[in-house]
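Computed from a predicted model, the values in this text were never measured in an experiment.
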Amino acid sequence: MGYKKPAHAGFLVAAGSRRPRDSDRMRKQPPHSASTRPRLLQGRLLVLAGILLSAVNLRTAVTSITPLLDDLGRVFGFGASVAGVLGMLPSAAFAVFGVATPAIARRIGLERAVLASMLLAAAGLVLRSLAAGTGGLLAGSIIALAGMGIGNVVLPPLVKRYFADRVGALSTLYITALQLGTILPALVAVPVAAAVGWRISMGAWALLAIAAALPWIGVLRIERRAGTTLARYHERAVTKGDEAPELVAPAARGRVWRTSLGWGMTLMFGMTSLATYAMFTWLPRLLTEAGASPAFGGAMVALYSALGLVAALSIPALAVRMPNPLPIVLACVACQSGGFAGLLLAPMALPLLWVSLVGLGASTFPLGLTLINLRTRTPGGSAALSGFMQGVGYTLACLGPLLFGILREATHGWAWPFAMLGASVLVMAVGGWHACKPRVLEDAW
């Protein structure tokens, strides 16, 4: 189906749009005076700041609360069941809004969608910090995670739109920012709560979400003053022509779920996220039952998270240089297989090695985010692939902590839970094989 391009977004237009004549260009193209061009270029810098600040906010609602769950349980009187619901909310919210966001972005535009995502995140974080009971805690979390779920989907197409000539570098930057936003709240949550209370410890992250909204407000103001969109201006500058690539590329006429590329990306991303959330939830208990202290278990979770930075700094740059990055997927399969085997058979023999292997095996996460732009031609295709991959992928991720716990309780051992993770690694390998083939989504449509 074809979509008409909103005036503010530069999304997809109907396939039958004609190529403008020279006279049309002279009549309709907004004049780019000497004073207008600097404002538009300044706007591109605002876009860069907005992308990076927004990326930092994509996980703060997740890792700012998990270290405080025991304290919150004592304050509000809830037990393991509510804690489990809070643990599953992130992947569930990311799944729902992964599916819904492409339609939202088509209606209001990518820039307004990411602005809305940051405002929702800020509102949810504030509401959660003011909660008077478990219901308020859950409601605030849902609102904040809804905003972050929207941000998950719209950031890759924004990179595609404004920095198509620097996809590898920008992917490295924003995935690194995302990983920092995952690690920092977990590190400071407990010390800040001890110093000034849990409400400030969780609510202070709303200030960062507000800061991320400011560049997008600036972008929209510059567009209104300039009389044209920054996206259209930048696309003309890159292509050295008058039409944006979206106007001459085939319009989206298919569905991602009908393509092997879409399912390959989804399975690779979903299985990676499934294992990640299972490790976040169960790694501390596994190690403490093997004889480690709770502090050591927490340190291993921090190490597992920190290894995401290594992947974020290296994987996108490697992926853009490889026509088929399947060797990266196979290396991740080997790392995860070895790490899971070590944690099952001899967890305290070489725990640093096992956790490091599993952490490096999750490098298929930044690979998947980078491939969104490498396997699409237009921002519309990027948004569609991003929404499907993350919507269905995070739905699969919900099963990770749940199935791991069910198998643990049913068997009173760790063999079957790790067998489930081993099966997920095999599925990830199959998905990676399809995702890494050198092809473009729009061609399958």
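Judged by distance alone, with hydrogens and angles left aside, the side-chain atoms of R199 form a donor-acceptor pair with the main-chain N or O of A131 at under 3.5 Å. Between the side chain of T63 and the main chain of T182, a donor-acceptor pair closer than 3.5 Å is present. Counting only distance, with no hydrogens or angles, the side chain of S382 and the backbone of T378 share no donor-acceptor pair below 3.5 Å. Under the 3.5 Å distance criterion, the side-chain polar atoms of T259 are left unmatched by any main-chain donor or acceptor of R255. When atom types are taken as modelled, the side chain of S201 and the backbone of G197 share no donor-acceptor pair closer than 3.5 angstrom. Of the possible donor and acceptor atoms, one in the side chain of Q390 sits under 3.5 Å from a partner among the backbone N and O of N152. Remark: side-chain polar atoms of S337 are not paired, donor with acceptor, to backbone N or O of A334 under 3.5 angstrom. A side-chain donor-acceptor contact under 3.5 Å links S117 to the backbone of V114. With hydrogens and angles ignored, the 3.5 Å screen pairs no side-chain donor or acceptor of T395 with any backbone N or O of A95. Under the 3.5 Å distance criterion, the side-chain polar atoms of N57 are matched with a main-chain donor or acceptor of L53.
Between the CD1 atom of I217 and the CG atom of L46 there is a distance of 11.0 Å, given to the nearest 0.5 Å. Atoms CH2 and CG, from W198 and L72 in turn, are 6.0 Å apart once rounded to the nearest 0.5 Å. The line from OG1 of T60 to CE of M148 is 3.5 Å long, rounded to the nearest 0.5 Å. Atom-to-atom distance recorded for I210:CD1 and W205:CH2 is 14.0 Å, nearest 0.5 angstrom. Rounding to the nearest 0.5 Å gives a distance of 4.5 Å between OG1 of T266 and CZ of F388. Note that OG of S171 and CZ of F163 are 11.5 Å apart. Values are rounded to the nearest 0.5 Å.
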* Asked: Do V329 and W433 pass the side chain to side chain contact (heavy atoms under 4.5 Å, CB included) test, and can you show the C-alpha distance, the side-chain angles, and the key distance before you say yes or no?
  -> CA-CA 8 Å; V329 176; W433 183 73; over 6 Å; no

* Residue pair L421, L274: steps toward the side chain to side chain contact (heavy atoms under 4.5 Å, CB included) verdict -> CA-CA 8 Å; L421 292 182; L274 181 149; 4.0 Å; yes

* Stepwise, does the side chain to side chain contact (heavy atoms under 4.5 Å, CB included) test hold for L220 with L115? -> CA-CA 10 Å; L220 295 173; L115 172 60; 4.0 Å; yes

* Given M265 and C436, is the side chain to side chain contact (heavy atoms under 4.5 Å, CB included) satisfied, shown in steps? -> CA-CA 8 Å; M265 295 275 289; C436 292; over 6 Å; no

* **S54 vs W216, side chain to side chain donor-acceptor pair (under 3.5 Å): CA-CA, chis, key distance, verdict** => CA-CA 10 Å; S54 299; W216 299 111; 3.2 Å; yes

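Under the 4.5 Å side-chain criterion, counting only non-hydrogen atoms from C-beta, L145 is in contact with V62. At least one side-chain heavy atom of S141 sits under 4.5 Å from a side-chain heavy atom of L86. With a 4.5 Å cut-off on side-chain heavy atoms, L184 and S64 do not count as touching. In this structure the side chain of P327 reaches within 4.5 angstrom of the side chain of M322, judged on heavy atoms. Side-chain contact between L360 and C332: absent, with no pair of heavy atoms (C-beta onward) separated by less than 4.5 Å. Side-chain contact between R161 and E111 is present, with at least one heavy-atom pair separated by less than 4.5 Å. When side chains are defined from C-beta on, T376 counts as touching K160, because their heavy atoms get closer than 4.5 Å. Considering only heavy atoms from C-beta on, V56 stays 4.5 Å or farther from L180 through its side chain.
Nearest heavy-atom pair, M420 versus G400, reported as atom, atom and distance to 0.1 Å: CE-O, 3.8 Å. Considering all non-hydrogen atoms of both residues, Y174 and P156 come closest at OH-CG, 3.3 Å. The heavy-atom pair separating P438 from P323 by the smallest distance is CB-O, 3.5 Å. The two residues T272 and A362 make their nearest non-hydrogen contact at CG2-O, 3.8 Å. Across L125 and A206, no two heavy atoms sit closer than the pair CD1-N, 3.7 Å. Closest approach of V320 and A317 over heavy atoms only: CG2-O, 3.3 Å.
Heavy atoms of other residues, nucleotides or ligands lying less than 6.0 angstrom from CZ of R166 number 12 at most.
Ion pairing between E442 and R375 fails under the 4.0 Å rule for side-chain N and carboxylate O.
Outside the 6.0 Å centre-distance limit, the rings of W263 and F269 are not counted as a close aromatic pair.
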